[in-house]
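Here the structure comes first, spelled out in structure tokens, and everything after it is commentary.
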Amino acid sequence: MPELPEVETIANHLRPALAGRTITAARLLWPRTLETPPPSQFQTRSFKRRIIGQMIRDVGRRGKFVILQLSTDTLLIHLRMSGDLLVEPDHAPLAKHHRLTLSLEDGNRLAFHDPRKFGRAWLVKDPEAVVGSLGPEPLDKTFTAEVLYRGLQASHRQLKPLLLDQTFLAGLGNIYADESLHRAGLHPLTLSNTVTAVQAKALWRGIRAALREGLRCNGASIDWVYRGGEFQNHFRAYQRTGQPCPTCGTPIVRIVVGQRSTHLCPTCQPSIQTSS
DNA sequence: CACGAGACCTGTTCGC
DNA sequence: TGCGAACAGGTCTCGT
């Protein structure tokens with residue numbers, strides 16, 4: 001579910017409810033949710049012993065990771081496809097899809113809710129061990145159009161899979177990749193090293209504009225997940241197969257790229273003809 | 001190096 | 001109504 005704007009929205013929502021609270025208990029309902037330390041019985045006990053008593057100092061985000069800065073360690077959580085983080089009374093019944101809960105001294109608990117069980121958590125001393133390989137933050141001031149252009153030149157991959165590669169750029173997922181490419185007027189299958197500096201600048205603007213609009217809307221809420229986000233009402237291409245392109249009216253087309261649904265306007269995002 | 005397929009999971013929607 | 005197929009916001013690993 002979550003891409004950069006959704007994760008940022010969740011982190012912002014959690015911060016006031018968690019910052020300054022001390023963890024008093026931990027429950028691991030689906031062992032594989034814990035990536036580090038490894039989910040053996042022995043390690044699970046050491047996880048609980050280690051996290052209980054630590055205070056949550058701050059809640060942040062890097063790429064699609066939610067980062068809880070604790071007294072001595074860092075807890076990183078990746079929501080993957082269906083994960084969600086909730087704060088609820090500790091005495092409430094455990095929901096069917098709760099995978100990990102952390103009880104707090106104030107009577108509430110943080111619950112990692114994740115129907116598809118793809119989500120993961122890491123308790124580590126050094127967060128760089130988990131997020132160290134991530135690419136730049138797309139909204140950071142150091143991520144310029146020139147940086148993007150150089151990155152595109154250095155690779156010869158199709159744009160869509162490249163934008164989804166978190167080591168290339170951190171935070172884009174299927175929604176914002178499609179929305180960025182549509183805004184830039186670039187076909188998802190365009191080879192990155194064939195993109196001109198002018199097109200790279202358009203892509204840079206597209207990425208940042210799509211993410212900023214997503215943030216302004218508090219992210220997208222699709223299906224059963226509702227967090228108040230409403231970016232889904234502003235999609236230009238994503239999941240709009242057959243509906244008119246907001247720019248030119250041409251019906252949006254769906255193709256599959258790297259086993260992911262990909263949506264584009266065939267007029268605004270013309271495919272690159274094989275030239276010699 | 002770049003790409004496709006399969007794996008990991010459960011739930012919802014679609015087509016017959 | 002029932003039932004299987006297709007699909008879902010992500011990422012990893014393997015084979016070519």
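Proteins get letters first, then strands, A, B, ... in listed order; numbering begins at 1 in each.
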### Task
If the plane angle is over 60° it's perpendicular, under 30° parallel, otherwise tilted; pick one for A:Y176 and A:F231.
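Judged by the thresholds at 30° and 60°, the geometry between A:Y176 and A:F231 is parallel.
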
#### Entry: Sugar-phosphate only, base, or nothing, as touched by A:Q166 at under 4.0 Å among non-hydrogen atoms
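Sugar-phosphate, no base atom in range.
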
### Message
Any base atoms under 4.0 Å from A:Y176, or only sugar-phosphate, or nothing? Heavy atoms, all strands.
### Response
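Since no nucleic acid heavy atom lies under 4.0 Å of A:Y176, the category is nothing.
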
### Task
Evaluate side-chain contact (heavy atoms from CB on, under 4.5 Å) for A:Y238 paired with A:I222, printing each intermediate quantity in order.
CA-CA 12 Å; A:Y238 184 77; A:I222 305 178; 4.0 Å; yes

Rounded to whole angstroms, how far apart are [atom1] on [X] and [atom2] on [N]?
X      : N      : atom1 : atom2 : value
A:Q239 : C:dA8  : CD    : P     : 7 Å
A:D114 : C:dT11 : CG    : P     : 13 Å
A:I255 : B:dC3  : CD1   : P     : 13 Å
A:F112 : B:dC9  : CZ    : C1'   : 13 Å
A:N193 : B:dA2  : CG    : C1'   : 12 Å
A:M81  : C:dC12 : CE    : C1'   : 14 Å
A:R80  : B:dA7  : CZ    : P     : 17 Å
A:L76  : C:dG10 : CG    : P     : 18 Å

### Message
Centroid distance below 5.5 Å plus an interplanar angle below 30 degrees: do A:F118 and C:dT11 meet both conditions?
### Response
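Taking the rule of under 5.5 Å and under 30°, the ring of A:F118 does not stack on C:dT11.
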
#### Entry: First encountered from the 5' end of DNA chain C, between A:R254 and A:R260
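Closest to the 5' end, via its nearest nucleotide, is A:R254.
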
### Query
When you check the side-chain N and O atoms of A:R236 and A:H234, is any donor under 3.5 Å from an acceptor?
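Judged by distance alone, the side chains do not pair up.
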
### Query
When you check the side-chain N and O atoms of A:H113 and A:E88, is any donor under 3.5 Å from an acceptor?
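Side-chain D/A pair, A:H113 to A:E88: absent.
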
### Query
Taking any strand in view, what nucleotide pairs with B:dC9 in a Watson-Crick or G-U wobble way, both distances under 3.5 Å?
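Across all strands, not a single nucleotide pairs with B:dC9.
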
### Task
Please give the nucleotide sitting opposite C:dG9 as a Watson-Crick or G-U wobble pair, both distances under 3.5 Å, or none.
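Per the H-bond distance test, none.
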
Whole-Å [atom1] distance, [N] and [M]:
N      : M      : atom1 : result
C:dT1  : B:dG11 : P     : 22 Å
C:dG10 : B:dC1  : P     : 24 Å
B:dC3  : C:dG9  : C1'   : 23 Å
B:dC8  : C:dC3  : P     : 26 Å

Residue-phosphate contact under 4.0 Å: [X] side-chain N/O, [N] OP1/OP2:
X      : N      : result
A:H156 : B:dC3  : no
A:R157 : B:dC3  : yes
A:H78  : C:dT11 : yes
A:S155 : B:dC1  : no
A:K117 : B:dT10 : yes
A:K64  : C:dG9  : no

### Task
Check if the side chain of A:E3 and the base of C:dG10 share a donor-acceptor pair of N or O atoms closer than 3.5 Å.
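In this structure, the two groups form no donor-acceptor pair.
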
### Query
Any sub-3.5 Å donor-acceptor pair from A:T250's side-chain atoms to A:C245's backbone N or O?
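Not at all, since once roles are kept as given, no pair shorter than 3.5 Å links the two residues.
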
#### Entry: Donor-acceptor contact present, side-chain A:Q43 to main-chain A:S40, <3.5 Å
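No.
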
### Task
Hey, which sits more toward the 5' end of DNA chain B by its nearest nucleotide, A:R99 or A:Q259?
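By nearest-heavy-atom nucleotide position, the 5'-most residue is A:Q259.
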
### Shortest side-chain distance from A:R32, nucleotide among B:dC8, C:dA8, B:dC3
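Of the options given, the side chain of A:R32 lies nearest B:dC8.
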
### Task
Evaluate salt bridge (Lys or Arg N to Asp or Glu O under 4.0 Å) for A:R27 paired with A:D90, printing each intermediate quantity in order.
CA-CA 11 Å; A:R27 262 179 302 204; A:D90 201 15; 3.7 Å; yes

